[in-house]
S.K.: 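This is the structure I have questions about; it appears just below.
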Amino acid sequence: MAMIPLSYSLRSLMVRKATTFATAFGIALVVFVFASVMMLGNGIKETLGASGREDTAIVMSKGAQAELGSTILQNQVGKIAQMGGVAQGENGPLAQAEMVVVITHPKVGTSGVANVTMRGMPDNWLKFRSEARIVAGREPKPGTREVVVGRAARGRFQGFDIGKSFAMVENQPFDVVGVFAAGGGSLESEVWGDLEVMRTMFDRPGLVSSVHVRLMTPGSLQAFKDGFKNDPQLREYEVERETKYYEKQANGLGQFISFLGYAIAVFFAVGAMIGAIITMYGAVATRQREIGTLRALGFSRISILLAFLFESLALSAMGGVIGVVAAMGMTTVKFSTMNFASWSEVVFRFVAKPGTFQWSILFAMAMGLVGGLLPAIRAARMSPIKAMRGSSRRRGWHPGRWLRWLRRPPRCSW
Amino acid sequence: MNLPLLAARNVLRNKVRTGLTVLGVAVALLAFMTLRTVLSAWTQAEEFSQKDRMAVRSKISWVVLLPKKYVQEVKDMAGVQAVTWANWFGGRDPKHKQEFFANLAVDPESALQVYDEFIVSAEQKQAWVGDRQGAIVGDVLARKMGWKLGSKVTLTGGVYPFDMEFNISAIYTATRRGADRNQFMFHWAYLNEKLSSERQNRVGWLIVRTKPGVVSAEMSKRIDDHFKSSGMPTLSQSELELNRSFLAAFTAILTAINVVSIVILAIMALILGNTIAMGVRERTGEYGVLRAIGFLPRHVLAFIVGESLVVGIMGGGLALLLGYPLINMGMGRWLEENMGGLFPVFGITTATATAAMVLAVVLAAIAAAWPAWRASQLKVVDALRRVG
Amino acid sequence: MSDAQAEGKAADEAAKNPPPYRTQPESPAIVSLVGVGKTFFRGKEPVKVLDGLDLDVPEGSFEALMGPSGSGKSTLLNLIAGLDRPTRGKITVAGTDLTNASDRTLAKWRSQNIGFIFQAYNLMPVLTALQNVELPLLLTSLGGAERKKRAQTALRVVGLEDRMHHYPRQLSGGQEQRVAIARAIVNDPKIIVADEPTGDLDRQSADDILTLLEKLNKELKKTIFMVTHDPAASERASVQRRLDKGRLK
C-alpha cells in the first residue's frame, strides 16, 4: 500500500503556523496542568508517605485518626514498651513516647497564620529517631525550652531560625538552636523539643500522644499487636506500622488534591480536544482538493486517514512537549497547605518521577488521537471527484491553482 | 438585512465548527464557573459567620484546655449575653470507621441558646436535655449514618481514650443554609464524670454571644485582658476571624484554583480565536468584496468581532444553562450536605454567573481582535485575490 | 499567436471605425489616465506591471480590455476602480482625482461611483439574492423599506425578480452572475468594472450576461469597463483595447 510520506503531514502543520501553535499551546496548557497535578501528587506521597519505618510501630488511642487527636496515659508507656516483639537496646526496650500538639503561628512574608506541629520528645530522642539528624546548629539541651525546627519549616514562620525565638505566652519563649532533617518527609515541617517542658506548657499532665516502638523485625508487628488484646487496660489503644500510618496520612490530602486536579485536567482535556477537532476539521476542509488529488493519484483511503491522524498526533505531541517543559519549571516551586489529617501546615514540592513526563505526553497524544479521528475519517471518506471539485468554483481567479500543489511543496491552499 | 444579521449567518455557516466552538467555550466556562463556585463557597463561610459570636481558647494552642470556671467568669462580664462551651471528643463510630464527623461534648441548654440556627422540636429538645446519655445529631449526618431517634451509638474516643455510649434523642435541622448539619453533640457532664480527677472540669473552648451593639474586637480584648495574668491566658476570636484564619491555611490551594481558572479562560480564548482565524482566512475574499463595494476597514473589523461575540455569547449561554442544574443541584446539594462546614452554600453566585458571561464576551472580543485586525488591514486588491 | 493577432486586428478595426450608435466620442472622458505606472515588489525585486500608460474612456462607452496573463489587465482595472493607487502618473475617474486619495475617501467614492462584477460572482453565500443586492445600500442612509425596493428594482433589471429569496447555491452560475450585476448597479454607479464576468460560465449563460451588460450600457447609460480573455465577449464591447507588457495597443 502506498503511504503518504510523513513529511507531508508535518509540512502541512508548518504551513498553518498560527493555527497549529494556537492548538498546540492549548494542549500544552492541559498537559502542564496534568503533569503538575501528577507531580504534586508525587510530592504529597513523598512528603507524607515517605516518613516512617517498616520496623517501627506507632501506638495511638483507638478513635484517633492521627497523633494529634490521640491520648495515651504516661503510666501505660512502660507497659507498652515491655510487650513482646519490641527490640531491646543498651538501656532497655527501644520505645519512645511523644507528645504532639499544634500551635497557630504567624507566617513570614504574609499576614496569615498557619498551624505548626510541635513534637515533644524524651531525652536521647536522636538515638531512637535515627532517620533524623541535625543539619545546622546543635541539639537542644534536655529539660529546657530549646527546640529544633524542621528543614522545611525553617524561615517560613516567625522566629523559626537558629538564634531566634518564638513564644505563645509572654516570658516563656522557645529558643531555636538547630535545624533538623528527617528524610524529606512531613516531619521536616515540625518543631521538636523537650517532652516534659512541653507537657507543662501545653497542660497535659500524665499524658502523651503516641508511643513509637522499634520492632525486633518488621514481622514482629503481629506479636506486638497481640499483646494489646489480652490486656484490658490497653484495649483502648491501637497499633499500626509507621509506614502504613504515614501512607494513610497522605491519602486524605493526596486524594483531595488529585481529585481536584484530575477533575480540572479532564475539563481541560475536553476543551483542548475540541480545539484539536476544530483545527483538524479546518485542515481537512481547506485541503479538500489536496485530498482529492492524493486520491486521484492512487493513495488509498486508509493512507489518507493515517496521514491526517499522524498530523493530529504530531500536533498534540508538540503541545505535550511544550507542556512538559513548562511543568519542569514547577519543580522549583514549593506548595504549602494544611494537611487535614494532622491539622498542620506541610510544605510540598512538585516531584517529577520517570513516568510523569511519559504519561503526560501520552495523555497529550491520546487527546490528539481522539481529536483527530473524526476529521481524519471525514478526509478519508471524501470521494476523489467531489474533493477535487471542492469549492474550486469560488476560487476562480486562478483556475489551475490547485495544480500547483503537484509541482510545489504543499502551500496554503487558500 | 443588516450587518449583524450577516455576522450571525456567517456564524451558522460552518455548523460543525461553530457547534464545537460553542461547546468548547461552554466547557471552559463551565470549568471556570465550577472553580469560581468552589472559591466563593469556600470563602463564603465568612459571610455566614455570626457577627455576634466569638470563640475563646487557650492562647498557647487550641489543643490546650481551659478551666471550667472561666465559663462563669466570662458570663459575669459586661456585654456578654450567653456563654456555652464544648470539648472536642474526636471519636469515631467503629461501625463507620472511615466517616469523619465533628463530635462535641457541650452544655445542652446554653448550646442551643448560642447556636440558635439549629432547629429542634421542643419535645426532642426536652428528651435530649433530660437524658444524660442523650445526643443530638444533624439530619444530614443522621441520614448518612443511618441513625434514627432512639438509636444506640457507641463512639470510640481519640482525645479521650475510652468508648462512650449514647442514645440519639434529637435530630436538628437548620434555619439557614450554611449551618453545619453534620455535628454530633452530647452532654459535657457525661464526659466529665468519666474523667480522672486531674482531667476533670476543663473545657476545650468557650463560645460567647455578645449583646447587641457590642464591638467584637473590644469584647475579645476585654476577655483576653481579664485572663492575661491568670496563668492560662486566652485568645478570643470572632467567628469571622476564626473562619478567615482557617481559610488562610489553604491559601496555596485557593491560589492554585485561582490560577487554574484563569488558565482555562486562556484555553477558551485560544479555541475561539482559532475558529475565528480559520473562518477569516477562508472568507478573506468576501471581506475583499465588501471592501471593494465601499465598506471600511472598521466595518470588517466590527463584522469579525461581532461574529466572535455571537459565538462567545452562545457558549456563555450554554454554560449557564448547563451550569445551574449541574453545579447548583447536582454538585452543590451533595457538597452542602456532606461538606457543609467547608462549603456552607455551594451554588453559582450572581457574581460568578455575571463574570462568566462578561468574560465570555470580553474574551471573544480579544480572541477575535488579532484576526479581525489583520483582515481589516489587508489591501483590498490582495484580499480579492484570495477569493475562495 | 494567430488568435491574438486576429484579436488585435479586430480591435484596431473597431478603433478606426467605431459604430456610431455605440459610442459618443464627443462626450468627455469619464476615466482618464495620464502616464500611469505601477510597480510591485516581488521580494526586493521591483516588477513594473504598468509603465507610462495613457487612457481615456469616454462616458457611456463599453470597453473591453484583452491581453495575455500577467499583462497588467487586473492591475489596470483595480486602478480604475479605485482599489489601488498608481506608483506614478495621474488617474481621474468620474471627476475625482484618485491618484493620492486616502483609503477612506476611495472607499466612499467606490460605494457611490463603481459597480463591481467578478469572475467568481463573489456573492455572500449566507445571504439571499435580494440581501446580496441590498448589501451596497447598507452604506447609504436609506431606510430598510427603500433599500429593499431598490434591490428589487435592480433584480428586475437583471430579470431575477422571481428568484430574490433564493440563496446563491440554489442558483445557476449565470443567475449568480446576474445577481452580482444587480448588486453592481443597485447604488446607481457611473461606471461598472467587470473582471472576466463570463470566465466561469458556459457559452449560453455568457451570452446572456453580455446581452445584459449591453443593455445596461445602452439603456441605463452605464460606462462599462470589462477585462476579458474571451474574444467573443470582447466582440460585444464597443471599444476593444489590448494590453501587453504594461502598454496599451
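Computed over heavy atoms, backbone and side chain alike; hydrogens, waters and symmetry mates excluded. Every chain is numbered from 1 and lettered A, B, ... according to where its sequence line falls, protein lines coming before strand lines. Everything numeric here is computed off the predicted structure, so don't read it as measured data.
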S.K.: Treating A:S61 as the side-chain partner and B:G158 as the backbone partner, does any N or O pair qualify as donor plus acceptor under 3.5 Å?
M.R.: yes

S.K.: List the atom of B:L65, the atom of A:D203, and the distance in Å for their closest heavy-atom pair.
M.R.: O-OD2, 4.2 Å

S.K.: Any chance you could measure B:L35, atom CG, to A:F267, atom CZ, to the nearest 0.5 Å?
M.R.: 8.0 Å

S.K.: Under 4.5 Å heavy-atom distance to chain B, tell me which part of A:I27 shows up: side chain, backbone, both or neither.
M.R.: neither

S.K.: Given a strict heavy-atom distance threshold of 4.5 Å, which part of B:A28 is in contact with chain A: side chain, backbone, both, or neither?
M.R.: neither

S.K.: Is A:F25 close to chain B through its backbone or its side chain, or both, or neither, when contacts mean heavy atoms under 4.5 Å?
M.R.: both

S.K.: Of the non-hydrogen atoms in B:I60 and A:M168, which two are nearest, and what is the gap between them?
M.R.: O-CG, 3.2 Å

S.K.: State, to 0.1 Å, how close B:L270 and A:A22 come at their nearest heavy-atom pair, and which atoms those are.
M.R.: CD1-O, 3.7 Å

S.K.: Name the region of B:A256, side chain, backbone, both or neither, that has any atom closer than 4.5 Å to a heavy atom of chain A.
M.R.: side chain

S.K.: To check you understand the geometry: which heavy-atom pair defines the closest contact between A:I274 and B:L20, and what is its length?
M.R.: CG2-O, 3.0 Å

S.K.: Are A:T104 and B:R57 close enough, and set up right, to give a side-chain contact (heavy atoms from CB on, under 4.5 Å), and what steps lead you there?
M.R.: CA-CA 12 Å; A:T104 306; B:R57 55 115 163 145; 3.5 Å; yes

S.K.: Output the option from B:M232, B:K228, B:R199, B:M268 having the highest count of non-hydrogen pairs under 4.5 Å with chain A.
M.R.: B:R199

S.K.: Between B:R17, B:E198, B:M278, which has the largest tally of heavy atom pairs under 4.5 Å with chain A?
M.R.: B:M278

S.K.: Taking side chain as everything from C-beta outward and backbone as N, CA, C, O, which of these in A:M60 sits under 4.5 Å from a heavy atom of chain B? Side chain, backbone, both or neither.
M.R.: neither

S.K.: Between A:Q172 and chain B, with a heavy-atom cut-off of 4.5 Å, which part of the residue counts as in contact: side chain, backbone, both or neither?
M.R.: neither

S.K.: If we define contacts as heavy-atom pairs under 4.5 Å, which of A:Y281, A:F202, A:F268, A:F32 has the most with chain B?
M.R.: A:F268

S.K.: Who wins among B:A26, B:A31, B:G24 for the most heavy-atom pairs under 4.5 Å with chain A?
M.R.: B:A31

S.K.: Taking the basic N atoms (NZ, or NE/NH1/NH2) and the acidic carboxylate oxygens, is any pair closer than 4.0 Å for B:D163 and A:K62?
M.R.: no

S.K.: Between B:W88, B:Y160, B:F100, which shows the greatest number of heavy-atom pairs under 4.5 Å with chain A?
M.R.: B:F100

S.K.: For residues B:A266 and A:L29, report the shortest heavy-atom separation together with the two atoms involved.
M.R.: CB-CD1, 4.2 Å

S.K.: Minimum heavy-atom separation for A:I103 to B:S61, with atom names?
M.R.: CG2-CB, 4.1 Å

S.K.: Using a cut-off of under 4.5 Å for heavy-atom pairs, which of B:V260, B:T34, B:N14 has the most such pairs with chain A?
M.R.: B:V260

S.K.: Once you round to the nearest 0.5 Å, how far does OG1 of A:T23 lie from CG of B:N274?
M.R.: 4.0 Å

S.K.: Can you tell which part of B:S196 gets under 4.5 Å to a heavy atom of chain A, answering side chain, backbone, both or neither?
M.R.: neither

S.K.: Take atom NZ in A:K334; do more than 12 heavy atoms of anything else shown fall under 6.0 Å from it?
M.R.: no

S.K.: Would you mind checking which part of A:Y237 comes under 4.5 Å of any heavy atom in chain B, side chain (CB onward), backbone (N, CA, C, O), both or neither?
M.R.: side chain

S.K.: Flag the one option from A:V270, A:V102, A:V101 with the top tally of heavy-atom pairs under 4.5 Å to chain B.
M.R.: A:V102

S.K.: List the steps, then state whether side-chain contact (heavy atoms from CB on, under 4.5 Å) holds for B:V64 with A:R204.
M.R.: CA-CA 8 Å; B:V64 173; A:R204 295 243 172 140; over 6 Å; no

S.K.: At a heavy-atom separation under 4.5 Å, does B:V16 approach chain A through its side chain, its backbone, both, or neither?
M.R.: side chain

